[in-house]
Amino acid sequence: MAITRPKGTNDIMPEEMKRWHYMENIMRTIGQTYGYSEIRTPMFEHTELFQRGVGETSDIVEKEMYTFQDKGNRSITLRPEGTASVVRAFVENRDYAEAQPTKYYYQGPMFRYSRPQAGRYRQFNQFGVEAFGSKDPAIDAEVIAMCMEFFEKLGLQRMELHINSVGCKVCRPVHKQALKDYLAPSYEELCDTCKNRYEANPLRIFDCKSETCQEIVKDAPTITSCLCEECTDHLNELKILLDASGIEYILNENLVRGLDYYTKTAFEVMVSDIGAQSSIGGGGRYDSLVEEVGGPDMSGIGFAVGLERTLLSMKAQEVSVLDKEPINVFIAVISDQEKVPAYQLMQQLRKNGIAAEMDVLGRSLKAQFKYANKRGFSHVVTIGNEEVQNMRYPLKNMKKKEESKVSIEEMILTLKEEA
RNA sequence: GUGGGUGUAGUUCAAAGGUAGAGCGCCAGAUUGUGGUUCUGGAUGUUGUGGGUUCGAGUCCCAUCAUCCACCCCA
């Protein structure tokens, strides 16, 4: 039996790679225009980072981490998300001592152990940004704008932006108590998961898909109704900024995020028709995470978008990625005798920056042309005895079906002009 | 972790318990050194794996693995 890829992983084959490069270019452009610099952190970290950073009660930490002992007996975890690592790097490299704010973006694979399905994989890629050192809602607005601009630049349509405030360490305990008081009489009717949530993190009951839980929670006090003055002002200012910059959003008071570190602003971007996993990006503010990881008391905010899901949406919406036709030459060889001169010509073209390949399967001339056509070469040069003698070569433009006899110098010139 | 669907050629899929097939793709040819269309020919399978029922199993049963989808959760 042939060896297959591990469950939940994907090979990105060359054909697919075009779309990835396209997305990556857009990331760089957006990062650049918003003043964010790329950062790359390790794909594995000390397990403790995620336990402290992402939160012990989150499902990610409880049951989805790839954790193992290394040979030095350290507990190591493949990163399940990017924020904790970026925060760690920000603290460890003392970037907090530089002029603020500090703004990073990153891209790379994340790992979560869960059953794969449409749009959910064990290794998946995220594009994310993090901004440290400012509590200003303008940063919240800018981060949300970047996220939306990423999708828009890709040509996606019909995204839904949901925003909410999940409060801070002042108002959250107030809401938690209010919520528990409200739920207490109906406790027995809650589903088993929500019974556990009741103590650990009652806020997440809002997220439950169970109809009875939804019914119970329908009129429960939302976090919004319990927000302190600071959080209320923050949310209001954010809304003003979003309105002012023409970003449409839905204020979703039930929006709760699965990672424990969020404070104040939380948001999520949804798109339909990619199956059950409709969330293609999300993020929020985390005002105590930096300190939690051992840094100074500094706030942060960021988002992460799932690139595989983004790609699925692009395919579902039939967004085309146009790339221009390449100029590349196939060198057709008539007989074995022209192999050496053909090879020399190929290398000479390559050294002049022209993509060139030659036949390496000893095929008939006809078969070589068929191959060149199938592989989309823009030009074919044929080399036979006559060409070697005269130093002039028939250069055929495959699209225009035109052929002319040229010297090598003329060939290079023509090809460079067309590129 | 729970539930459901599906495993047959490179690929998409047929074959109603009785000789494993088709489209696409791939390779070759249609007279001398030129592609896309057309025509002709060709190659390719331990029917995921292991058991069982049967005179006989791709087909029925059991197990196992893989994969897809959904729940959970999230990107």
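Chain identifiers are assigned alphabetically (A, B, ...) following the order of the sequence lines, protein sequences preceding nucleic acid strands; residue numbering begins at 1 within each chain. Note: hydrogens, waters and symmetry copies are ignored here, and every other heavy atom, side chains too, is used. No experiment lies behind these values; they were computed from the predicted model shown.
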For the base of [N], is there a side-chain donor-acceptor partner from [X] under 3.5 Å away?
X       : N      : value
R115(A) : C69(B) : no
Q117(A) : C72(B) : yes
R375(A) : G35(B) : no
K401(A) : G36(B) : yes
E338(A) : G33(B) : no
K366(A) : G35(B) : no
R112(A) : A75(B) : yes
E403(A) : U34(B) : yes
R309(A) : C74(B) : yes

Does [X] reach a base, just sugar-phosphate, or nothing at all? Heavy atoms under 4.0 Å.
X       : answer
E387(A) : base
G119(A) : base
E386(A) : base
I280(A) : sugar-phosphate
A276(A) : sugar-phosphate

Please state the [atom1] separation for the pair [N] and [M] - nearest whole angstrom.
N      : M      : atom1 : answer
A43(B) : G4(B)  : C1'   : 39 Å
G10(B) : G48(B) : P     : 13 Å
U2(B)  : C72(B) : P     : 16 Å
G17(B) : C26(B) : C1'   : 35 Å
A15(B) : A20(B) : C1'   : 7 Å
A16(B) : G52(B) : P     : 26 Å
U47(B) : A14(B) : C1'   : 13 Å
C65(B) : G23(B) : P     : 38 Å

Selected nucleotide, minimal atom distance to [X] side chain, candidates [options]:
X       : options                : answer
K396(A) : G33(B), C27(B), G35(B) : G35(B)
M398(A) : G35(B), A75(B), G33(B) : G35(B)
I60(A)  : C74(B), G33(B), C69(B) : C74(B)
F369(A) : G35(B), G29(B), C72(B) : G35(B)
T382(A) : C74(B), U2(B), G33(B)  : G33(B)
K7(A)   : U67(B), U2(B), G36(B)  : U67(B)
P394(A) : A75(B), C27(B), U34(B) : U34(B)
N373(A) : G35(B), A75(B), G33(B) : G35(B)

Atom [atom1] of [X] to atom [atom2] of [N]: distance rounded to whole Å?
X       : N      : atom1 : atom2 : answer
Y261(A) : C74(B) : OH    : C1'   : 12 Å
K370(A) : G29(B) : NZ    : C1'   : 9 Å
I383(A) : U34(B) : CD1   : C1'   : 15 Å
E308(A) : A75(B) : CD    : P     : 14 Å
D11(A)  : U67(B) : CG    : C1'   : 14 Å
R363(A) : U34(B) : CZ    : C1'   : 15 Å
F50(A)  : C74(B) : CZ    : C1'   : 16 Å
N125(A) : C74(B) : CG    : P     : 20 Å

Donor-acceptor contact present, side-chain [X] to main-chain [Y], <3.5 Å:
X       : Y       : answer
E338(A) : P341(A) : no
S378(A) : N328(A) : yes
R285(A) : T265(A) : no
R172(A) : G167(A) : no
Q368(A) : V333(A) : yes

Measure the shortest side-chain to side-chain distance between E418(A) and N397(A) over non-hydrogen atoms and say whether it is less than 4.5 angstrom.
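Yes, close enough: below the 4.5 Å cut-off.
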Is it true that Y286(A) and Y261(A) have ring centroids separated by less than 6.0 Å?
yes
Going by purine N1 to pyrimidine N3 plus the second Watson-Crick contact, or the G-U wobble pair, all under 3.5 Å, which nucleotide sits opposite [N]?
N      : value
G58(B) : none
U53(B) : none
U64(B) : G48(B)
G36(B) : none
G21(B) : C13(B)
U2(B)  : A70(B)
C27(B) : G41(B)

Cation-pi, F330(A) ring and R375(A) (6.0 angstrom, 45 degrees):
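So R375(A) doesn't make the cation-pi contact.
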On the six-membered ring of Y113(A), is R122(A) placed so that its NZ or CZ lies under 6.0 angstrom from the centre and within 45° of the ring axis?
yes
Does Y371(A) lie flat on the base of G35(B), that is, centres under 5.5 Å apart and planes under 30° off?
no
The answer to which of A304(A) and G8(A) contacts RNA chain B further toward the 5' end, by nearest nucleotide, is G8(A)
Inter-residue atom distance L415(A).CG - M411(A).CE, 0.5 Å rounding:
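Between atom CG of L415(A) and atom CE of M411(A) there are 7.0 Å.
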